[in-house]
Enquirer: 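First the structure, then my questions, so here it is.
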Amino acid sequence: KAGNASWALMLHPDGLECDLFVTHCWLEGIYEFIDKVVNSWPRGARHAYCCMLSNPQNLDIGHLLSTPRESPFVYALMSARYMLVVPNRK
């Protein structure tokens, strides 16, 4: 039953170990984003954390961010071996 979960957790309810942290600025379209991520994917990386796919975008996630040191971003950054900063045309 779907609801109250991110796309990533709907696919993998137990989660996956993050070895690539992807950050972006929300100005790019999804096609530009995917092209850049696919073409820049580090060799050896298997699972990525990207907030737009990992955090439930339709819910108030304030409680996930209220203590920044315990936020999903920090846990993903701490486990990631690689970081990918996605630029955009704008």
Side-chain angles (χ1 to χ4, degrees):
K1 182 176 173 183
N4 296 335
S6 67
W7 180 79
L9 285 177
M10 284 193 291
L11 291 179
H12 304 282
D14 294 328
L16 296 170
E17 189 70 25
C18 169
D19 52 12
L20 172 62
F21 185 93
V22 180
T23 186
H24 65 111
C25 74
W26 292 97
L27 286 177
E28 70 282 335
I30 191 65
Y31 296 113
E32 181 181 4
F33 174 84
I34 292 296
D35 285 345
K36 289 184 176 173
V37 169
V38 168
N39 289 309
S40 303
W41 192 272
R43 189 174 299 206
R46 295 192 58 215
H47 307 122
Y49 173 92
C50 182
C51 64
M52 72 173 159
L53 301 172
S54 301
N55 296 337
Q57 298 298 312
N58 61 334
L59 300 177
D60 177 4
I61 63 167
H63 67 284
L64 295 175
L65 307 173
S66 61
T67 307
R69 288 188 176 151
E70 297 174 8
S71 72
F73 298 96
V74 170
Y75 289 117
L77 275 168
M78 288 182 354
S79 72
R81 182 174 176 195
Y82 307 98
M83 176 185 279
L84 177 60
V85 178
V86 180
N88 60 61
R89 285 182 261 156
K90 297 181 182 187

Enquirer: Could you tell me which residues satisfy side-chain contact (heavy atoms from CB on, under 4.5 Å) with Val85, sequence neighbours excluded, listed by chain and number?
Expert: Thr23, Met83
Enquirer: Hey, could you give me the OH/CZ distance between Tyr82 and Arg43, rounded to the nearest 0.5 Å?
Expert: 10.0 Å
Enquirer: My understanding is that only residues two or more places apart in sequence, or in another chain, count here; which of them pass side-chain contact (heavy atoms from CB on, under 4.5 Å) with Pro87?
Expert: Lys36
Enquirer: What about Met78 and Phe21, same hydrophobic cluster or not, with Ile/Leu/Val/Met/Phe/Trp/Tyr joined at side-chain heavy-atom distances under 4.5 Å?
Expert: no
Enquirer: Do Val22 and Leu11 share a hydrophobic cluster, counting only Ile, Leu, Val, Met, Phe, Trp and Tyr and linking them when any side-chain heavy atoms are less than 4.5 Å apart?
Expert: yes
Enquirer: Take Tyr49 and Leu20, measure what side chain to side chain contact (heavy atoms under 4.5 Å, CB included) needs, and give me the verdict at the end.
Expert: CA-CA 6 Å; Tyr49 173 92; Leu20 172 62; over 6 Å; no
Enquirer: Taking only residues two or more places apart in sequence or in another chain, which ones pass side-chain contact (heavy atoms from CB on, under 4.5 Å) with His47?
Expert: Leu16, Asp19
Enquirer: Could you pull out all residues at least two apart from Ile30 that satisfy side-chain contact (heavy atoms from CB on, under 4.5 Å)?
Expert: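 So Ile30 forms a side-chain contact (heavy atoms from CB on, under 4.5 Å) with Phe33, Ile34, Met52.
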Enquirer: Provide the closest heavy-atom pair for Cys18 versus Ala76 in the form atom of the first, atom of the second, distance.
Expert: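 It is SG-O, 3.7 Å.
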